[in-house]
Undergrad: 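One structure is given below, represented as structure tokens, and several questions about it will come after.
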Amino acid sequence: MSDYRAASVKPALPSGMRDFGPQEVGRRRYLFDTMRQVFERYGYQPLETPVMELLSTLEGKYGEEGDRLLYRVLNSGDAFARWKEQHAEVRLGAFSFPLRDITEKGLRYDLTVPFARYVVMNRHRLAFPFRRYQIQPVFRADRPQKGRYREFYQCDADVIGSRSLVHEAELIKIYDDVFTALGIRVTLRINSRKVLLGLAQHCRAESRFTAFTVVLDKLDRLGWQGVDEELAAMGWTAEQRSELHALLQLQGNNLQRLEQAEHRLRQTAAEEGCRELRQTLHWLHALGEPVQQVVVDFSLARGLNYYTGIIYEVASAQGTLKSSLGGGGRYDDLTGIFGLSGVSGVGISFGADRIYDVMEELNLFPPATVAGTRILFCCMDEAAMLWSAPYLTALRQNGLAAEMYPEPEKLQKQLKYAHARNIPFAALVGEQERTSGRVTLKDLNSGQQQSVPPEELYEKIK
RNA sequence: GUGGUUGUAGCUCAGCUGGUUAGAGCACCAGAUUGUGGAUCUGGGGGUCGGGGGUUCAAAUCCCCUCAUCCACCCCA
């Protein structure tokens, strides 16, 4: 028999990973349930995919940076040991070696790419347009910091197989419904990649489009001056930069700014982008004006480079966490890489962990998110425990959460436990109760006690 | 991946320029209260001072390395 206690290890978690205690789970469940309800109300169907995907599915989808942040899983068995034997002369880390020999799987980085993979694999089974939602953890080997974790939940809703802008408007409604239900005031910014592309065309800077969007995305952090400098460093002329500045400086409401932008960027992709944005706003109006603030913002860019049409981003309007609570957009050809081209999709994502952080900071969680134990049987001796057991079961059968303290400990200790667990009622059972056939029901909040027949417990405390 | 911050009891932290057996609050356990929780009082258990190496008669304290943490950058939910 091995002495497993000899080698005691310091308990710890891998960096960026977290446990969720009972209260946190309750609150997270409340968050997820809220989203689930809204998603389903809009006709989205649930989907789950595995944590692990083939690296061939994941690699190259998130840009160079994304590949670096992929968690790679070592092949199981002795693949690595075999590899080392075969390459005994190679010193690990001395120079790059074919990773593929020892790792062919990775943890999912987001939910969109696995969704695209699923759609392609099941295309004959699905009714298009296919709407699905997915609430699952994703993994990024990033360095953790405030509002950034290595394992975090994304809550995605996507519809694939339709170009209709009704979806764009409905997704805004979903954002609106969820954040309104949760009680968070947010700002929802929308833009179109086509407007940005049009601007790049107008400035004859199409070749550096992706780099341009990455810089533009930093506007709220760096301010115009910072963006201006970075673009200058990238080789943008003063004229090109002032053109961009003018676009960002447009005044008026959403529709007015769209009109001006369209006017400025004639004969480019921006015309279509503006038209689509306007159309989306029309649909939104028809579906019902949102409660939350919706702003057309030409500086919104989004890093992920698969977006091609309208893009979204949500940020809290209150609290200290300024980073994004969610985002999304339309991608014209996400399934193309898996061999199914010409299928357009649009989707949004909620960052549950950040939403959690914001709600906690602003104290927005309802007081009781989990229904805990309602009554604790506190027994003086084993005979009392046996006597109580059937009543315990009866309460449970009636759907009430009930517990019995597992030892005939001192009452003091048992009541302390009830108090610590926030259990509102205690049924005290000792010799007196057994002989009289009535239990002493104690209300832990008021401290009052009454003698009741055990059959009436349910009615008294339900 | 880059830069910085902080690691002392289960938790939050104190420990001055190196100097006896490393402290406090909260939490925990026991008792005051042999069938009554929250309050109070009394007592108690708990620490490889993140780990390794070095300087020194002497290191929680100074130096180096390492690990972890948090924050920022990059990037993103």
Side-chain angles (χ1 to χ4, degrees), chain A residues 8-18 21 31 35 62-70 108-112 135-156 175 186 210-211 213-215 217-218 220-222 226 230 301-305 312-316 320-328 347-358 376 378-381 384 405 408-434 439-449:
Chain A
S8 126
V9 284
K10 201 176 183 174
L13 284 172
S15 159
M17 305 284 166
R18 299 162 297 160
L31 264 184
M35 294 183 202
Y62 311 105
E64 198 180 318
E65 184 72 9
D67 278 359
R68 196 167 61 74
L69 300 178
L70 277 179
R108 70 161 101 78
Y109 182 89
D110 74 354
L111 301 177
T112 309
I135 299 177
Q136 289 192 281
V138 302
F139 302 84
R140 294 182 191 178
D142 209 346
R143 199 167 281 197
Q145 58 179 277
K146 188 181 185 122
R148 175 182 296 184
Y149 309 101
R150 284 182 166 176
E151 177 188 19
F152 61 96
Y153 270 70
Q154 285 194 333
C155 313
D156 279 23
Y175 268 138
V186 296
T210 305
T213 60
V214 169
V215 173
D217 204 44
K218 300 180 193 171
D220 44 350
R221 272 171 292 144
L222 301 182
E230 284 208 29
R302 308 250 341 130
L304 272 345
N305 49 27
Y312 310 91
E313 185 142 308
V314 189
S316 174
T320 55
L321 190 68
K322 288 290 167 234
S323 44
S324 163
L325 300 183
I348 56 173
S349 180
F350 290 81
D353 304 82
R354 286 181 178 178
I355 294 172
Y356 183 100
D357 291 346
V358 169
L376 178 74
C378 303
C379 302
M380 307 306 162
D381 49 38
Y405 199 87
E409 289 272 11
K410 296 172 40 168
L411 242 196
Q412 184 178 221
K413 183 156 184 175
Q414 302 196 34
L415 285 170
K416 233 173 177 165
Y417 171 80
H419 181 250
R421 288 276 318 276
N422 225 323
I423 298 172
F425 293 100
L428 313 185
V429 187
E431 200 166 336
Q432 289 169 27
E433 284 79 4
R434 260 189 312 124
V439 305
T440 301
L441 177 64
K442 184 179 178 84
D443 181 327
L444 277 289
N445 292 318
S446 67
Q448 294 191 336
Q449 300 186 181

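Remember, it's a predicted structure, so these values are computed and weren't measured experimentally. Order of the sequence lines sets the chain letters (A, B, ...), proteins ahead of strands, with each chain counted from 1.
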Undergrad: Given 3.5 Å as the limit, does a donor-acceptor pair link the side chain of Glu151(A) with the main chain of Arg18(A), or not?
TA: no

Undergrad: Between rU61(B) and rG46(B), how far apart are the two C1' atoms, rounded to whole Å?
TA: 24 Å

Undergrad: Listed by chain and number, what are the salt bridge (Lys or Arg N to Asp or Glu O under 4.0 Å) partners of Arg150(A), not counting sequence neighbours?
TA: none

Undergrad: Of the candidate nucleotides rC71(B), rC75(B), rA77(B), which contains the atom at the shortest distance from the side chain of Gln145(A)?
TA: rC71(B)

Undergrad: On a whole-Å scale, what distance lies between the C1' atoms belonging to rU6(B) and rA14(B)?
TA: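 rU6(B) and rA14(B) have their C1' atoms separated by 15 Å.
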
Undergrad: Which atoms of nucleotides 30-32 of chain B (N or O only) lie under 3.5 Å from a protein N or O atom, and what are those distances?
TA:
{"from": "rG31(B)", "atom 1": "OP2", "to": "Lys410(A)", "atom 2": "NZ", "distance (Å)": "3.2"}

Undergrad: Describe the nucleic acid contact of Glu151(A) in one word from base, sugar-phosphate, nothing, applying a heavy-atom distance below 4.0 Å.
TA: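 No contact.
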
Undergrad: Could you tell me which residues satisfy side-chain contact (heavy atoms from CB on, under 4.5 Å) with Asn422(A), sequence neighbours excluded, listed by chain and number?
TA: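 Result, side-chain contact (heavy atoms from CB on, under 4.5 Å) vs Asn422(A): none returned.
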
Undergrad: Roughly how many Å is it from CD in Gln136(A) to P in rA77(B), rounded to a whole number?
TA: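 Answer to the nearest Å: 17 Å.
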
Undergrad: Tell me: OH of Tyr405(A) to P of rU36(B), nearest whole Å?
TA: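 Those two atoms, OH and P, are 16 Å apart.
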
Undergrad: When the distance from CZ of Arg68(A) to C1' of rC74(B) is rounded to whole Å, what number comes out?
TA: 8 Å

Undergrad: CD of Glu409(A): more than 12 outside heavy atoms within 6.0 angstrom?
TA: yes

Undergrad: So Leu444(A) and Leu415(A), do their side chains get closer than 4.5 Å, heavy atoms only?
TA: yes

Undergrad: Nearest whole Å is fine: how far is rC73(B) P from Glu230(A) CD?
TA: 12 Å

Undergrad: How does RNA chain B look in dot-bracket notation if pairs are Watson-Crick or G-U with both distances under 3.5 Å, crossing ones as [ ], other-strand ones as |?
TA: ((((.((..((((.....[...)))).(((((.......))))).....(((((..]....))))))).))))....

Undergrad: For Tyr149(A), answer base if it contacts any base atom (sugar-phosphate contacts may also be present), sugar-phosphate if it contacts only those atoms, and nothing otherwise; contact means non-hydrogen atoms under 4.0 Å.
TA: base

Undergrad: Tell me, please, which residues at least two apart from Gln449(A) pass side-chain contact (heavy atoms from CB on, under 4.5 Å).
TA: Leu428(A), Thr440(A), Lys442(A)

Undergrad: Leu441(A) CG to rU36(B) C1': how many Å, rounded?
TA: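 Distance, rounded to whole Å: 13 Å.
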
Undergrad: Of all the nucleotides listed (rA77(B), rG35(B), rC71(B)), which has the minimum atom distance to the side chain of Arg302(A)?
TA: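 Among the listed nucleotides, the one closest to the side chain of Arg302(A) is rA77(B).
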
Undergrad: Looking across every strand, which nucleic acid part, if any, lies under 4.0 Å from Ser349(A) by heavy atom: base, sugar-phosphate, or nothing?
TA: nothing

Undergrad: Rounded off to whole Å, could you give me the CG-to-C1' distance for the Leu325(A) and rC76(B) pair?
TA: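 Computing the Leu325(A):CG to rC76(B):C1' distance gives 13 Å.
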
Undergrad: Determine, using ring centers only, whether Phe350(A) and Tyr153(A) are less than 6.0 Å apart.
TA: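 Ring-ring flag for Tyr153(A)/Phe350(A): false, centres at least 6.0 Å apart.
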
Undergrad: Taking atom types as they are modelled, would you say the side chain of Gln414(A) forms a donor-acceptor pair with the base of rU36(B) within the 3.5 Å cutoff?
TA: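 Checked by distance alone, the answer is no.
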
Undergrad: Please round to the nearest 0.5 Å and tell me the distance separating atom CD1 of Ile355(A) and atom CG of Leu325(A).
TA: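 So the gap between those two atoms works out to 5.5 Å.
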
Undergrad: Rounded to the nearest angstrom, tell me the gap between atom CD in Glu313(A) and atom C1' in rA77(B).
TA: 9 Å

Undergrad: Which value, in whole Å, describes the distance between the P atoms of nucleotides rG35(B) and rU40(B)?
TA: 25 Å

Undergrad: Compare the minimum distances between each of rC74(B), rU36(B), rA77(B) and the side chain of Arg221(A), then state the nucleotide with the smallest one.
TA: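 Side chain of Arg221(A) sits closest to rC74(B).
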
Undergrad: Using a cut-off of 4.0 Å between protein heavy atoms and nucleotide atoms, how would you tag nucleotides 38-45 of chain B 5' to 3' with B, S and -?
TA: B-------

Undergrad: rU48(B) and rG52(B): how far apart are their C1' atoms, nearest whole angstrom?
TA: 12 Å

Undergrad: Ignoring backbone atoms, test whether Arg143(A) places a side-chain nitrogen or oxygen under 4.0 Å from the OP1 or OP2 oxygen of rC73(B).
TA: no

Undergrad: Verify the stacking flag for Phe152(A) against rA77(B): centroid separation must be under 5.5 angstrom and the ring planes must differ by under 30 degrees.
TA: yes

Undergrad: From rC75(B), rC71(B), rU36(B), pick the nucleotide closest to the side chain of Asp142(A)?
TA: rC75(B)

Undergrad: Would the distance check show the side chain of Tyr175(A) and the main-chain N or O of Ser349(A) forming a donor-acceptor pair, the cut-off being under 3.5 Å?
TA: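 Indeed, once roles are kept as given, a pair shorter than 3.5 Å links the two residues.
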
Undergrad: Would you indicate which nucleotide in rA77(B), rU36(B), rC74(B) comes nearest to any side-chain atom of Thr440(A)?
TA: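 Between rA77(B), rU36(B), rC74(B), the one nearest the side chain of Thr440(A) would be rU36(B).
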
